[in-house]
Amino acid sequence: MQEIIEAIKRSAIRIKEAIEFDDTGYSENTNSTGDTQLKLDIKSDLIIEEEFAKLPCIKEIVSEEKEDKTPLHVNGIYGIGYDPLDGSSLIDVNLSVGSIFGIYEGGYSGAHLKAAVYVVYGPRVELVIAMDDVKLYRLNKKGEFVFIKDIVLKEKGKLNAPGATQMGWEPRHKAMIDAIFMDGYRLRYSGGMVPDLHQILLKGGGLFSYPSTSDVPNGKLRMIFEVFPFAFVYEKAGGSAIDGKRRILDLSPSHPHDTAPCFFGSNAEIERVKKCYE
Ligand code: P6P
């Protein structure tokens with residue numbers, strides 16, 4: 001597992017440099033979700049694949065940017081699902097983006113997740129590793145990721161990150177979001193899942209939601225690459241993650257690119273979601 005973490009650190013440093021200095025234009029390609037791929041999406045994916053290919057412990061990798069799984073080492077034990085550059089469309093407006101990694105063993109359901117890691121490329125590059133607990137690291141001038149602190153969510157927070165197109169929200173969802181704001185929560189939503197969820201974790205709590213809507217009934221965020229890893233992080237930090245009714249990590253995708261409605265947060269906020277959707 002540690003060699004996977006080291007490969008992610010090496011990838012993060014290479015991706016950071018690509019973000020800062022490479023072309024942020026679009027390629028002619030689209031990914032399996034139909035998103036037009038930025039040249040940076042493709043480059044970030046190649047960097048990660050190159051670093052993971054060196055590790056015999058990795059059996060295969062599944063990237064958001066590729067339709068199918070990529071076999072690596074037949075005797076490997078881990079499968080890694082990852083989003084190489086989540087929120088990449090925000091780069092050309094200079095907002096923070098991230099890379100998300102789920103480290104699986106024996107399959108790609110929530111129950112198979114053994115660790116989750118993400119990187120935030122913002123004013124500073126930060127790395128969060130969730131195994132038994134959640135630890136925050138920051139890239140220093142020497143190119144080392146230095147431990148900063150353990151991340152723990154409070155039982156109740158102050159931030160509300162309501163995703164998806166509001167005109168597509170169910171009335172009960174809109175009523176819940178409005179009520180949370182009427183309780184004094186602050187709106188914090190950039191359109192980048194990684195910095196939005198990172199902010200709630202570092203500020204002690206709140207709610208991030210990407211619900212089922214009339215235009216995306218199964219939600220937009222991908223289970224293997226995005227939803228399962230962050231559900232793992234939030235639970236290990238003392239919070240919860242549900243699809244409205246069910247625990248996210250009890251779910252199993254039928255296709256690698258399946259999506260799910262998702263709510264991540266402190267326990268008090270998740271209880272409000274359960275009441276709304278019960
Ligand atoms: P919307 C970025 O494209 C992304 O996949 C996530 O990073 C983010 O949370 C979500 O989409 C934003 O979607 O529909 O609110 O713009």
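One-based numbering, in listed order, for ligands and for the atoms of each. Owing to the predicted nature of the structure, the values given are computational and were not obtained by experimental measurement.
- One finds no salt bridge joining R14 and E17 here, because no Lys/Arg side-chain nitrogen approaches an Asp/Glu carboxylate oxygen to under 4.0 Å.
- In this structure, R138 pairs ionically with E126, as a charged nitrogen and a carboxylate oxygen lie closer than 4.0 Å.
- Note on K275 versus E278: no salt bridge recorded, every NZ/NE/NH1/NH2 to OD/OE distance being 4.0 Å or above.
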What are the polar N/O contacts of ligand 1 with the protein below 3.5 Å, with distances?
residue, atom, partner, partner atom, Å
ligand 1, 7 (O), D86, OD2, 2.5
ligand 1, 7 (O), M193, N, 2.8
ligand 1, 9 (O), M193, N, 3.4
ligand 1, 11 (O), K220, NZ, 2.9
ligand 1, 13 (O), K220, NZ, 3.1
ligand 1, 14 (O), Y210, OH, 2.6
ligand 1, 15 (O), A164, N, 3.3
ligand 1, 15 (O), Y189, OH, 2.6

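- At a cut-off of 3.5 Å, with distance as the only test, a side-chain donor of Y82 or D45 sits close to an acceptor on the other residue.
- Under the 6.0 Å distance and 45° angle rule, K236 does not count as a cation-pi partner of Y234.
- Considering only residues two or more places apart in sequence or on other chains, D132 meets the side-chain contact (heavy atoms from CB on, under 4.5 Å) condition with none of them.
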